[in-house]
Amino acid sequence: MTFGDELARIRDAGLLRVLRESGVDRWVTVEGRRALLLCSNNYLGLATHPALADAADRAARTYGVGAGASRLISGSLPIHTELEARLAALKHTDAALLFPSGYHANIGAITALVGRGDAVFSDALNHASIIDGCRLSGAAVHVYPHRDVGALESALRDSNARRRLIVTDSIFSMDGDAAPLADICVVAERHDAMTMVDEAHATGVFGPSGAGLVEALGLHGRVTAQMGTLGKALGCAGAFVAGTRELVDLLVNRARSFIYTTALPPPVIGAVIAALDLVEREPERRERLLRMSADLRHRLGTLGYDVGEGDGPIVPIIIGDTAKAIGMSRELLKRGVYVSGFGFPVVPQGHARLRCQISAAHTREHLDKAISAIVDVANG
Ligand SMILES: Cc1ncc(COP(=O)(O)O)c(C=O)c1O
């Protein structure tokens with residue numbers, strides 16, 4: 001089969017995906033149309049903050065634009081160490097280790113923690129990078145039904161694997177709902193299993209200091225590995241895994257997606273440090289974000305839309321049919337609102353949706369505009 005044949009098959013199945021130029025601020029231009037951006041992970045509005053741009057500039061001039069090598073060769077710079085110390089403090093752990101992206105962090109950590117002869121227990125709606133990490137690890141993979149701690153516990157009970165790892169998103173990327181982390185910790189402790197929590201959509205958003213859901217629930221110290229990303233609420237790029245010093249030392253030695261790749265560039269690191277300063281100094285950003293998200297969820301729910309059970313900045317509107325959800329997303333763009341539509345295979349068959357993502361930079365007027373466009377298109 002040629003590339004063309006394969007692409008034709010994807011197109012015929014209605015699944016062809018193409019790149020569209022957009023932007024990161026509240027208003028973007030997509031396909032020549034000015035639109036309100038409601039599908040960005042820039043939850044705190046930091047990606048365009050001048051303090052981050054200034055910090056990036058200073059770091060580039062001090063250390064260079066690129067790190068020049070992987071961390072284990074000559075790419076480990078003082079600014080990496082400084083950021084890792086900040087992230088460990090934020091996460092209430094001994095240590096943290098940077099990775100080039102959340103995708104790298106998940107595949108690197110999972111494959112370092114489990115391998116052949118071990119078992120990994122993964123929520124059915126975990127992010128693709130977790131799924132890939134599980135597959136790559138060579139461990140036996142047990143996928144438990146979404147948020148079903150009873151099923152997780154019975155799978156753990158049936159397993160006699162050498163090492164067992166439970167891995168879950170904290171806030172699920174497509175549904176915006178939260179994993180039952182407290183119950184997962186109890187079950188893990190009962191069955192002597194390790195836990196890894198992906199806080200991609202919770203870092204900077206939840207918890208008294210913005211560390212994530214683990215902090216919000218007071219579970220730090222009970223989770224083996226806390227993964228967080230730097231490209232979403234923190235507005236930059238990259239990711240990290242936080243835990244004990246031994247865990248981080250093991251990742252340095254075993255996580256291939258950390259070892260065999262160039263270190264994150266200094267301007268990104270400088271900008272992340274500036275973002276952490278803002279997360280610390282301006283808790284009102286995350287408070288406002290959660291208020292606005294609750295408001296959107298409540299208003300859509302009152303209008304009769306199925307918005308799921310989340311409580312963070314990801315607000316899905318379940319449509320069901322893939323073609324319908326994608327069509328609605330197109331119609332919304334025509335009305336100046338950019339919301340992405342997701343269907344199978346990104347979400348399970350029959351659960352296609354529009355996914356709204358709120359930013360602290362959105363105003364009540366922005367939400368009004370989005371809601372009236374959604375109602376308009378739905379009544380279409
Ligand atoms: C839950 C989750 N984990 C991991 C990732 C990957 O992070 P990154 O974009 O930094 O690779 C994402 C999104 O991209 C995500 O939603």
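Whatever order the structure lists them in is the order used to number ligands and atoms, beginning at 1.
Those atoms of ligand 1 with a heavy atom of S101 less than 4.0 angstrom away are 10 (O), 11 (O). Heavy-atom proximity to G102, at under 4.0 Å, picks out these atoms of ligand 1: 6 (C), 7 (O), 8 (P), 10 (O), 11 (O). Residue A200 has at least one heavy-atom neighbour below 4.0 Å for each of these atoms of ligand 1: 1 (C), 2 (C), 3 (N), 15 (C). Contact atoms of ligand 1 toward Y103: 6 (C), 7 (O), 8 (P), 11 (O) (distance under 4.0 Å to a heavy atom of the residue). For ligand 1, the atoms lying closer than 4.0 Å to a non-hydrogen atom of K232 are 9 (O), 12 (C), 13 (C), 14 (O), 15 (C), 16 (O). Residue contact check: D169 has heavy atoms under 4.0 Å from atoms 1 (C) of ligand 1. Distances below 4.0 Å separate heavy atoms of N106 from the following atoms of ligand 1: 3 (N), 4 (C). If you number the atoms of ligand 1 from 1 as listed, the ones under 4.0 Å from a heavy atom of H201 come out as 1 (C), 15 (C), 16 (O).
Of the residues listed (R147, R353, H351, R355), the one engaging D175 in a side-chain hydrogen bond (donor to acceptor under 3.5 Å, both in side chains) is R353, and it is the only one.
Heavy atoms from other residues, nucleotides or ligands lying under 6.0 Å from CD of E287 number more than 12. Within a 6.0 Å sphere centred on CG of D192, heavy atoms belonging to other residues, nucleotides or ligands number 12 at most. In the displayed structure, R254 atom CZ is contacted under 6.0 Å by at most 12 heavy atoms of other residues, nucleotides or ligands.
The backbone N or O of G115 sits less than 3.5 Å from a side-chain atom of D118, completing a donor-acceptor pair. Between the R26 side chain and the H366 main chain, no donor and acceptor come within less than 3.5 Å of each other.
The pair E6-R9 does not count as a salt bridge, with every side-chain nitrogen at least 4.0 angstrom from each carboxylate oxygen.
Considering only non-hydrogen protein atoms, atom 3 (N) of ligand 1 sits nearest to D198 OD2, 2.5 Å. Protein heavy atom in closest approach to atom 5 (C) of ligand 1: H127 CE1, 3.4 Å.
Residue contact annotation: G231 has no non-hydrogen atom under 4.0 Å from ligand 1.
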| request: With side chain to side chain donor-acceptor pair (under 3.5 Å) as the test, would you mind laying out the steps for D169 and H127 before giving the verdict? | output: CA-CA 7 Å; D169 285 12; H127 188 258; over 6 Å; no

